[in-house]
Amino acid sequence: METLLQSTSLVKRAYWLVRLRWIAIALLAAATFVAGKLFHVSLPAFALYFIAGLLVLYNFLLFDLLNYFTWGGRTASHITINRIITFQISADLFILTTILHYSGGIENPFFVYFVFHMIIASILLSSRSSYIQATLAAFLFGLMILLEYLGIISHHNLVGFVADTLYRDGLFVLGTFLILSTALYLVVYMTTSISEQLRKQQTGYERANTLLREKDHLKNEYVLRLTHDIRGHLAAIQGCLDIVGDQIVGPLNEKQTDLVQRAYRRTAKCMAFVTALLKLTRMKLSGKLEMEYFSLKNTIFNTIASAENRAASKSISLKYDIEPSVDEIYGEPVLIEEAIANLLFNAVRYTPEKGSIKLTAKDKGDSVLIQVSDTGIGIPQSEISKIFDEFYRADNARKVERDGTGLGLSIAKQVVERHGGKIWAENNQTAGSTFSFVLPKLSRKSGTA
Ligand code: ADP
């Protein structure tokens, strides 16, 4: 079907139409009041207020109908929503014609409001349906002015606003009809052309997006295979260096020992990098998390224990404040521990000697807020939005710590977001920075990412 919007946005547009109608109803009531009371234009006010009342009921009914089709996450089919919209627009044309009939017919300039209906139809419906709506509008308007002209139905004069003989002026009636009808078709033509272009663009973007996602998936599979292989080779090299370094295969002189140790350190760094990349790629590729109930408090204590030695070696004070109610949550404990550890290890790494680090965990009802604050080097303001990107390392961090993977925060971000949480970083007022993340207590019970 030649429609601009997909089902979900179509539902939103259907609600939008209902909202627009509330405005139209208010306008109708206000215009009737203002014209009658302030400008003393003679109007069948009762009939118009009655129509406004009926419109309120009708709009509530439509609202309920939409709720019925979308209730509890139900997704109504594209065709159903399309039918509801088509019905609404056609009904609105009938209603506008009725209102016009009771408020001066062709003498009421509000007939230009047919144009708005055509714009709405062209945005929401296919171009064929929009032309049908334009024909219906022209037909309804034409029929009303013809019947009034012929005296078959009564004409309600807008006494005090326009001369009350216009509706019987054949040339005026025909001219107005032709001008409005051509305007309606022109508006539909222009709006559907724009909508059509937008639709093509949107389809193009969607296709490009799918292609990108496929390419990304391929890239991840490639990286996974590669890192897995490299890791195997590195482990073998490390094993050999271990044996040589331990002088199991023969004694080494000082120079040889130094070279073997350097080779070992380099291999270990490479290993850390490859392992981090492997972890991140695995996480991106695997669709499911191994979720379970576990004690977040205990997980935090474990990470603090694993960071204590590192902190002590730099005389950094490591404090924590965990609210007693922070305990059981639903998630993947190993990954969450990894995310917290990455933040804590970074804090130690980027905080000079004798600094301090504080971890806090606060109960926020449905979620937990975890913050790691340090008195370290902080993050250059211009780079704060990039540090969660893969391989990104800020300039000041490179200066104090040559070896870094630029992957720790990406892993933490993946973990938090896959649990339905949010992670961010800020610089402190005085010194250092604070890394925070919010974790829902019952993140995605299904465990799917
Ligand atoms: P790595 O630490 O290996 O460089 P990460 O992904 O863990 O990689 O961190 C990315 C970058 O974020 C770091 O290079 C650094 O610029 C910045 N960063 C992370 N933690 C801190 C911190 N506690 N203080 C200052 N900068 C930090």
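Just so you know, these numbers come straight off a predicted model, no measurement behind them. For the single chain, residues carry numbers from 1 onward in sequence order. Numbering of ligands and ligand atoms starts at 1, following listing order.
By the 3.5 Å distance cut-off applied to N or O atoms, Gly406 is counted among the residues near ligand 1. Remark: ligand 1 and Leu409 share an N or O pair separated by less than 3.5 Å (distance only, no angle test). Here's the thing with Thr405: one of its N/O atoms is less than 3.5 angstrom from an N/O atom of ligand 1. At under 3.5 Å, a nitrogen or oxygen of Gly408, whether backbone or side chain, sits near a nitrogen or oxygen of ligand 1. Remark: ligand 1 and Ala394 share an N or O pair separated by less than 3.5 Å (distance only, no angle test).
Closest heavy-atom contact between Ile340 and Ile300: CD1-CG1, 3.9 Å. Shortest non-hydrogen contact noted between Phe114 and Leu93 is CD2-CD2, 3.7 Å. Across all their heavy atoms, Asn342 and Ala412 have their closest contact at ND2-N, 4.2 Å.
For the pair Lys12 and Trp16, the cation-pi criterion (under 6.0 Å, within 45° of the ring axis) is not fulfilled.
Counting only heavy atoms of the protein, atom 15 (C) of ligand 1 lies nearest to Ala397 CB, 3.5 Å. In this structure, atom 13 (C) of ligand 1 lies nearest to the protein heavy atom Tyr350 OH, 3.7 Å. Among all protein heavy atoms, the one lying closest to atom 23 (N) of ligand 1 is Asp374 OD2, 2.9 Å. Closest protein heavy atom to atom 4 (O) of ligand 1: Arg393 NE, 2.5 Å. What sits closest to atom 11 (C) of ligand 1 on the protein, heavy atoms only, is Tyr392 O, 3.7 Å. In this structure, the protein non-hydrogen atom closest to atom 7 (O) of ligand 1 is Asn346 ND2, 2.8 Å. Among all protein heavy atoms, the one lying closest to atom 25 (C) of ligand 1 is Gly378 O, 3.4 Å.
Under 4.0 Å from ligand 1, not a single heavy atom of Phe388 appears. At a heavy-atom distance under 4.0 Å, only side-chain atoms of Arg349, from C-beta outward, approach ligand 1. At a 4.0 Å heavy-atom cut-off, ligand 1 touches Ser433 through the side chain alone. Residue contacts with ligand 1, taken as heavy atom pairs separated by less than 4.0 Å, involve Ile387 via backbone and side-chain atoms alike.
Of the inter-residue distances, the one linking Ile411 atom CD1 with Thr405 atom OG1 reads 7.0 Å to the nearest 0.5 angstrom.
No more than 12 heavy atoms of other residues, nucleotides or ligands sit less than 6.0 Å from atom NZ of Lys319. The number of heavy-atom neighbours closer than 6.0 Å to CD of Glu254, taken from other residues, nucleotides and ligands shown, is 12 or below.
In this structure, Tyr320 has its ring center under 6.0 Å from that of Phe301. In this structure, Phe60 has its ring center closer than 6.0 angstrom to the ring center of Trp22.
None of Glu221, Gln414, Glu390 except one satisfies the side chain to side chain donor-acceptor pair (under 3.5 Å) rule with Lys284; the exception is Glu390.
Residue Phe435 places a heavy atom less than 4.0 Å from ligand 1.
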